[in-house]
Amino acid sequence: MSEIARLSPLRRLGRGGWLGLRAIGQFFIAAGLCLACLPFSRIKAVRWLRAVCAQCGKLSALIGHRYHEYGN
């Protein structure tokens, strides 16, 4: 996110849009691979599920959510 914060507003919008679209694509690919691996290997399915969760984190950061581990 610090990469985006340094950019001008117009470039920030374009870069954020590109990163968001890429995260959405990666989300669906990882989710499909997770479901495809599930009948054969739970370990591989969980690895792909971890990738799905990472994309959810990227998308939530792009819409402005900030995680405060020890905050109220």
Side-chain angles (χ1 to χ4, degrees):
M1 297 318 298
S2 63
E3 172 191 340
I4 295 174
R6 296 186 310 237
L7 298 175
S8 67
L10 184 58
R11 292 194 68 204
R12 186 180 310 148
L13 183 64
R15 183 69 176 159
W18 166 246
L19 291 173
L21 287 174
R22 190 174 81 177
I24 289 170
Q26 290 173 342
F27 171 87
F28 284 111
I29 291 169
L33 288 169
C34 176
L35 292 174
C37 287
L38 190 58
F40 307 106
S41 171
R42 285 191 293 174
I43 293 171
K44 288 182 182 180
V46 169
R47 287 181 183 160
W48 284 112
L49 181 61
R50 186 176 59 191
V52 169
C53 293
Q55 302 317 312
C56 290
K58 288 178 189 178
L59 291 169
S60 68
L62 281 173
I63 62 172
H65 180 264
R66 298 293 177 256
Y67 178 72
H68 302 286
E69 186 169 354
Y70 296 108
N72 292 337

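Residue indices begin at 1 and follow the sequence shown.
- Expressed to the nearest 0.5 Å, how far CG of Leu59 lies from NE2 of His65 amounts to 13.0 Å.
- Applying the side-chain contact (heavy atoms from CB on, under 4.5 Å) rule to Ala31 yields the partners Val52; only residues at least two apart in sequence or on another chain are considered.
- Here Gln55 contributes atom CD and Lys58 contributes atom NZ; the two are 4.0 Å apart, rounded to the nearest 0.5 Å.
- Follow the hydrophobic side-chain contacts under 4.5 Å out from Ile29 and you reach Trp48 in the same cluster.
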Extract all donor-acceptor atom pairs below 3.5 Å that involve side chains of residues 33-46 and protein atoms in other chains or at least two apart in sequence.
{"unit_1": "Ser41", "atom_1": "OG", "unit_2": "Lys44", "atom_2": "N", "d": "3.2"}

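- Closest heavy-atom contact between Leu7 and Arg12: O-NH2, 2.8 Å.
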